[in-house]
Amino acid sequence: MSTCIFILNGPNLNRLGSREPAIYGHHTLADIRAMCEQRAQAHGFAIDFRQTNHEGELIEHVHTAVDAAAATVINPAGYGHTSIALHDALKLLTTPLIEVHLSNTAARDDFRARSLVAPLAHGVISGLGAMSYGLGVDAACALASAHASKEE
Ligand code: DHK
């Protein structure tokens, strides 16, 4: 079985740290990556952590996760609200999927209330800042282990 958790990040998340810190916090994406790596290691998993500002590239990353991930954590950022193509790509996954958001999207603009990813996810963690990722990794590792033992 794969022991790699894919953590995929959509547009503008490379600007974390300086991007609207009152909403997204002061942690950079590099900080979040290091935290996810530690967290996954504690569960016996490695991570493959990716970010892109391009929809097609995000879909390519999902395709790689389809072939190689034990589970996937995704912060689709703006594409989660708009991208049918991303939704279709995520449908290819046969391993667990967790959606994470730094901010509480339900408490923001109306256009952020709809997620095209959430109906495909095992769970959604939103509004806890960098902690959303940490909890997302914990959940992904637990679900990946459960999924692998079912497959045996
Ligand atoms: C990040 C974004 O870039 C927004 O487009 C989403 C999400 C919320 C977040 O909270 O992590 O609406």
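We count ligands from 1, going down the list as the structure has it; atoms in each ligand are counted the same way.
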### Query
Any side-chain heavy-atom pair from L86 and P76 closer than 4.5 angstrom?
yes
### Message
Counting C-beta onward and ignoring hydrogens, is there a side-chain heavy-atom pair between I74 and V100 closer than 4.5 Å?
### Response
no
Per-pair distances, 0.1 Å, donor-acceptor, side chain in residues 110-121, under 3.5 Å, sequence neighbours excluded:
from: R112; atom 1: NE; to: D109; atom 2: OD1; distance (Å): 2.5
from: R114; atom 1: NH2; to: H81; atom 2: O; distance (Å): 3.2
from: S115; atom 1: OG; to: E99; atom 2: OE1; distance (Å): 3.2
from: S115; atom 1: OG; to: E99; atom 2: OE2; distance (Å): 3.0
from: S115; atom 1: OG; to: V117; atom 2: N; distance (Å): 3.0
from: S115; atom 1: OG; to: A118; atom 2: N; distance (Å): 2.9

### hydrophobic_cluster_shared for I125 and Y79, side chain cutoff 4.5 Å
no
Without placing hydrogens or testing angles, list every side-chain donor-acceptor pair under 3.5 Å for residues 58-72, not counting sequence neighbours.
from: H61; atom 1: ND1; to: R50; atom 2: NH1; distance (Å): 3.0
from: T64; atom 1: OG1; to: E60; atom 2: O; distance (Å): 3.1

Starting from the N and O atoms of ligand 1, find every protein N or O within less than 3.5 Å and list the pair with its distance.
from: ligand 1; atom 1: 3 (O); to: R19; atom 2: NH1; distance (Å): 3.0
from: ligand 1; atom 1: 3 (O); to: R19; atom 2: NH2; distance (Å): 2.9
from: ligand 1; atom 1: 5 (O); to: G78; atom 2: N; distance (Å): 3.1
from: ligand 1; atom 1: 5 (O); to: R112; atom 2: NH1; distance (Å): 3.2
from: ligand 1; atom 1: 10 (O); to: L102; atom 2: N; distance (Å): 3.2
from: ligand 1; atom 1: 10 (O); to: S103; atom 2: N; distance (Å): 2.8
from: ligand 1; atom 1: 10 (O); to: S103; atom 2: OG; distance (Å): 2.6
from: ligand 1; atom 1: 11 (O); to: N75; atom 2: ND2; distance (Å): 2.9
from: ligand 1; atom 1: 11 (O); to: L102; atom 2: N; distance (Å): 2.8
from: ligand 1; atom 1: 12 (O); to: H81; atom 2: NE2; distance (Å): 2.7
from: ligand 1; atom 1: 12 (O); to: R112; atom 2: NH1; distance (Å): 2.8

Residues 133-144, side-chain donor-acceptor partners within the protein, below 3.5 Å, at least two apart:
from: Y133; atom 1: OH; to: N9; atom 2: OD1; distance (Å): 2.6
from: Y133; atom 1: OH; to: N75; atom 2: ND2; distance (Å): 3.2
from: D138; atom 1: OD1; to: R39; atom 2: NE; distance (Å): 3.0
from: D138; atom 1: OD1; to: H43; atom 2: NE2; distance (Å): 2.8
from: D138; atom 1: OD2; to: R39; atom 2: NE; distance (Å): 3.2
from: D138; atom 1: OD2; to: R39; atom 2: NH2; distance (Å): 2.8

